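Only a predicted model underlies this, so the values are computations on that prediction, with no experimental measurement involved. Counting starts at 1 for both ligands and their atoms, in listed order. No hydrogens, no waters, no symmetry mates; every other heavy atom, side chains included, goes into these values.
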Amino acid sequence: MNKVNLPELTPPVRRQTSRVKDLIRRLEEEQSLSREAFITLLTDHTPEDDQYLYERADRMRRLHFGNQIYIRGLIEFSSCCKNDCLYCGLRRSNRQAQRYRLTEEEILSCCRVGYQLGYRTFVLQSGEDGWYTDERLCRLIASVKREWPDCAITLSIGEKSRESYQAYFDAGAQRYLLRHETASPAHYARLHPPEQRLETRMECLRNLKEIGYQTGCGFMVGSPGQTAAELAEDFLFLQSFRPEMVGIGPFIPHRDTPFALEPAGTADLTLFCLGLIRLMLPDVLLPATTALGTIDPFGREKGIHAGANVIMPNLSPSDVRGKYMLYDNKISAGDEAAENLAALKARMAAIGCQIPVCRGDYQG
Ligand code: SAH
């Protein structure tokens, strides 16, 4: 039987307003919401609300950054760590982890390759590895600065004293990423051993900001035991701290951690959080992270459509990439590899975006 089109019988497309949409609009207008409002957003949003949020967030991204997506070359220079975060594959209790340390010369060669390719930000990330004393770190930072004065150096090396942070800053680092992981003290205690405390992390973040770093915090989405009320705390924290950068990604289990059997966070909830962050902090530097790319092959594109404006390809030497295993199946090949920038540019061009050769500093 032939299907007959009966337009008069299909209801008009209803752009009906909902409580969630009202809250999304309010967040955009006032850049802040109450705890209850965030909980409502996180629990009541429908796929239609999600689309509405992505439209608003994508528009906001374009308003502040046009069609430009910033890239950062990520150098994972040590997989040794003294901490024991329950979620992380690099935790000290993981006897299966493959440990390595790059020498200063090896790190500088990564930068050399990255500079040639067009990277103007180097992110130096590692476990909390005491082998890299402040003296060694400062020498490394100064060497990168001397050789590539037009580049930005971002550190992501964990909790340090205020004096250490100051020393790295004086040596030439201008940005620092230190995710707070969760702003709920009870939840923080579920994810970390007792010697790691949320208060310490928050103090580190305050110190970084006071010193003058462009400071990045952030959290995992869907980490074990996380509730909507806890996620709401993360938003309240971002709202008051107002960081220059925010890194979020789905929790992904690692087989050799106590959370091996926990379910991963979802791409959908991560995208929803990205959208909310873009509206709350309109000019924030917001990456579509590797973890998002790991659980969804189009994670980066979807992240950008939800408001993200930064991508951090892997610039580590290829022989160590498989050893920096924060979680299972972490991607580092294909378009995730810094050297495949042409492929990444093509993917960005396909969604109307460009990758400029520039530092991409916070412009607040
Ligand atoms: N030692 C540095 C770098 C940590 S790795 C520091 O403390 O900042 C960078 C981030 O990876 C962490 O902050 C954490 O949010 C994320 N991460 C670690 N394990 C993860 C997992 N299993 N799933 C998803 N993200 C994870």
Side-chain angles (χ1 to χ4, degrees), residues 72 74-94 97 99 101 123-132 137 154-160 164-165 168 173 175-183 187-188 190-193 195-198 200-202 204-205 207-208 213 215-226 231 234 243 245-267 269-270 273 287-296 299 312 314 316 321 323-332:
R72 287 43 170 119
L74 177 61
I75 304 169
E76 300 159 330
F77 67 92
S78 166
S79 67
C80 302
C81 192
K82 70 173 167 61
N83 287 344
D84 219 18
C85 309
L86 275 73
Y87 45 85
C88 183
L90 304 185
R91 68 200 301 264
R92 67 163 186 267
S93 301
N94 181 8
R99 310 290 178 178
R101 287 184 180 117
V123 180
L124 305 179
Q125 189 181 84
S126 69
E128 292 203 15
D129 181 1
W131 187 87
Y132 295 90
L137 286 165
T154 305
L155 297 177
S156 178
I157 57 178
E159 296 176 354
K160 305 276 182 176
S164 298
Y165 286 151
Y168 313 148
R175 304 188 196 143
Y176 205 106
L177 304 174
L178 182 68
R179 292 192 182 176
H180 63 282
E181 313 297 359
T182 170
H187 191 220
Y188 197 91
R190 263 200 81 165
L191 302 181
H192 301 94
E195 70 270 16
Q196 288 176 246
R197 306 188 51 221
L198 179 58
T200 314
R201 188 137 296 213
M202 293 298 181
C204 286
L205 283 167
N207 285 337
L208 289 164
Y213 282 99
T215 304
C217 59
F219 52 90
M220 284 177 293
V221 176
S223 57
Q226 186 182 56
L231 256 184
D234 290 315
M245 310 179 280
V246 176
I248 69 162
F251 159 77
I252 303 173
H254 184 293
R255 67 174 78 84
D256 301 314
T257 64
F259 291 157
L261 300 178
E262 297 289 336
T266 64
L269 185 55
T270 305
C273 291
T289 53
T290 307
L292 182 57
T294 296
I295 58 162
D296 188 318
M312 299 166 65
N314 195 313
S316 308
R321 281 182 196 170
K323 300 182 185 170
Y324 198 82
M325 275 295 156
L326 304 171
Y327 43 81
D328 289 339
N329 308 314
K330 177 168 163 276
I331 51 169
S332 59

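- Electrostatic pairing of Asp129 and Lys82 does not count as a salt bridge here, judged by no charged N lying under 4.0 Å from a carboxylate O.
- Between Tyr165 and Tyr176, the gap from one ring centroid to the other is short of 6.0 Å.
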For ligand 1, what N or O to protein N or O distances fall under 3.5 Å?
residue: ligand 1; atom: 1 (N); partner: Ser126; partner atom: O; Å: 2.9
residue: ligand 1; atom: 13 (O); partner: Glu181; partner atom: OE2; Å: 2.6
residue: ligand 1; atom: 15 (O); partner: Arg179; partner atom: NH1; Å: 2.9
residue: ligand 1; atom: 15 (O); partner: Glu181; partner atom: OE1; Å: 2.6
residue: ligand 1; atom: 15 (O); partner: Glu181; partner atom: OE2; Å: 3.3
residue: ligand 1; atom: 22 (N); partner: Tyr87; partner atom: O; Å: 2.9
residue: ligand 1; atom: 22 (N); partner: Ile252; partner atom: O; Å: 2.7
residue: ligand 1; atom: 23 (N); partner: Ile252; partner atom: N; Å: 3.0
residue: ligand 1; atom: 23 (N); partner: Ile252; partner atom: O; Å: 3.3

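- With Ser156 as the partner, the side-chain hydrogen bond (donor to acceptor under 3.5 Å, both in side chains) test is satisfied by one option alone out of Glu76, Arg175, Arg179, Gln125: Gln125.
- Between Tyr213 and Tyr168, a ring centre-to-centre spacing not shorter than 6.0 Å is recorded.
- For Ser332 and Asn314, the side-chain atoms include no donor-acceptor pair closer than 3.5 Å.
- Between Arg92 and Glu195 there is a salt bridge, since at least one side-chain N of the basic residue sits less than 4.0 Å from a carboxylate O of the acidic one.
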